[in-house]
Amino acid sequence: MSIKKIIEANEALLRAYKNTTTLVGGLSVRFFKDRFIRQLWIDDKIEKWKKRKRPDKGKYAERAGNRAILTKTGRLRRSIRVIKKTADSVVIGTDVPYAEAHNEGLSTTVTQQVPAAKVRSFKRNRKGRSEIVQAHNRKAHSRKMKINLPQRRFIGDSKFLNRRIEKNIEQLILKELKK
């Protein structure tokens with residue numbers, strides 16, 4: 001092999017090396033965002049996400065039945081991006097505060113502070129009869145609540161993703177060497 005061909009091959013490998021972090025970052029972000037669409041995690045085996053226990057209340061209630069798990073506004077999925085990229089490494093992450101709780105799972109007890117409030121009079125049905133509740137003031141109080149979020153992994157280390165990255169890097173190197 002001539003020195004000219006060795007230099008050309010070396011330059012091709014250098015170009016491939018420079019594009020590797022961009023390739024890895026793009027593949028990883030797409031893979032992690034795809035978890036929200038497929039609603040499962042792929043590592044050695046496929047782990048489907050647990051279904052929702054109860055429907056939503058409030059302004060998103062009408063769409064709750066047919067929307068994806070972990071998707072109410074789409075903020076969590078949209079927040080996944082390349083946070084830091086150097087010549088040798090890529091860091092993918094999110095800045096959403098509740099991301100870790102959903103990704104890792106959470107089981108805890110929290111104390112909620114309920115403020116004082118004025119309650120208007122209203123009509124309710126109780127034990128088969130209609131009654132009117134008079135307007136009154138509700139005192140401030142606190143209550144303990146148990147929170148149990150199942151683990152629904154969407155970001156992290158995946159052997160499946162690592163194999164996909166290796167294949168794409170091999171293709172990038174071969175493509176650069178053919179030029």
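The backbone N or O of Lys118 lies less than 3.5 Å from no partner atom in the side chain of Asn137, so there is not a single donor-acceptor pair. No side-chain donor-acceptor contact under 3.5 Å links His102 to the backbone of Glu100.
The nearest pair of heavy atoms linking Ala135 to Ser121 is N-CB, 3.6 Å. The shortest heavy-atom contact between Thr111 and Ser142 is CG2-CB, 4.0 Å. Closest non-hydrogen pair, Ile69 versus Lys50, comes out as CD1-O, 3.4 Å.
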Output side-chain donor-acceptor pairs under 3.5 Å for residues 74-82, partner residues at least two apart or in another chain, one line each.
residue	atom	partner	partner atom	Å
Arg78	NH1	Thr73	O	3.1
Arg78	NH1	Gly74	O	3.4
Ser79	OG	Leu76	O	2.7
Ser79	OG	Thr94	OG1	2.4
Arg81	NH1	Ser79	O	2.8
Arg81	NH2	Asp95	OD2	3.4

Quiz: residues 39-47 side-chain donor-acceptor pairs under 3.5 angstrom, not counting sequence neighbours:
residue	atom	partner	partner atom	Å
Asp43	OD1	Lys159	N	2.7
Asp44	OD2	Lys159	NZ	3.2

Let me check something: any side-chain donor-acceptor pairs from residues 20-32 under 3.5 Å, sequence neighbours excluded? List them with distances.
residue	atom	partner	partner atom	Å
Thr20	OG1	Ala16	O	2.7
Thr20	OG1	Tyr17	O	3.4
Thr22	OG1	Lys85	NZ	2.9
Ser28	OG	Val24	O	2.8

Show me the donor-acceptor pairs within less than 3.5 Å that the side chains of residues 160-173 make with the rest of the protein, sequence neighbours left out.
residue	atom	partner	partner atom	Å
Asn162	ND2	Asp157	OD1	3.3
Asn162	ND2	Ser158	O	3.4
Asn168	ND2	Arg164	O	2.8

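Under the side chain to side chain donor-acceptor pair (under 3.5 Å) criterion, Arg143 pairs with Gln112, sequence neighbours left out. For Ser107, the side-chain contact (heavy atoms from CB on, under 4.5 Å) partners at least two apart in sequence or on another chain are Asn148. When the salt bridge (charged side-chain N to carboxylate O under 4.0 Å, His left out) test is applied to Arg153, the partners found at least two apart in sequence or on another chain are Glu104. Contacts of Arg126 classified as salt bridge (charged side-chain N to carboxylate O under 4.0 Å, His left out), with partners at least two apart in sequence or in another chain: Glu131. Taking Ser89 as the reference, Thr86 meet the side chain to side chain donor-acceptor pair (under 3.5 Å) condition, with sequence neighbours excluded.
Through direct or relayed side-chain contacts under 4.5 Å between Ile, Leu, Val, Met, Phe, Trp and Tyr, Ile132 connects to no other residue. Here Leu106 is tied into one hydrophobic group with Val110, Met145, Ile147, Leu149, each link being a pair of ILVMFWY side chains closer than 4.5 Å.
A distance of 10.5 Å separates CH2 in Trp49 from NZ in Lys51, rounded to the nearest 0.5 Å. Here Lys84 contributes atom NZ and Ile92 contributes atom CD1; the two are 13.0 Å apart, rounded to the nearest 0.5 Å.
The environment of CD in Gln151 is crowded: more than 12 heavy-atom neighbours from other residues, nucleotides or ligands sit within 6.0 Å. Surrounding CZ of Arg129 are at most 12 heavy atoms belonging to other residues, nucleotides or ligands under 6.0 Å away.
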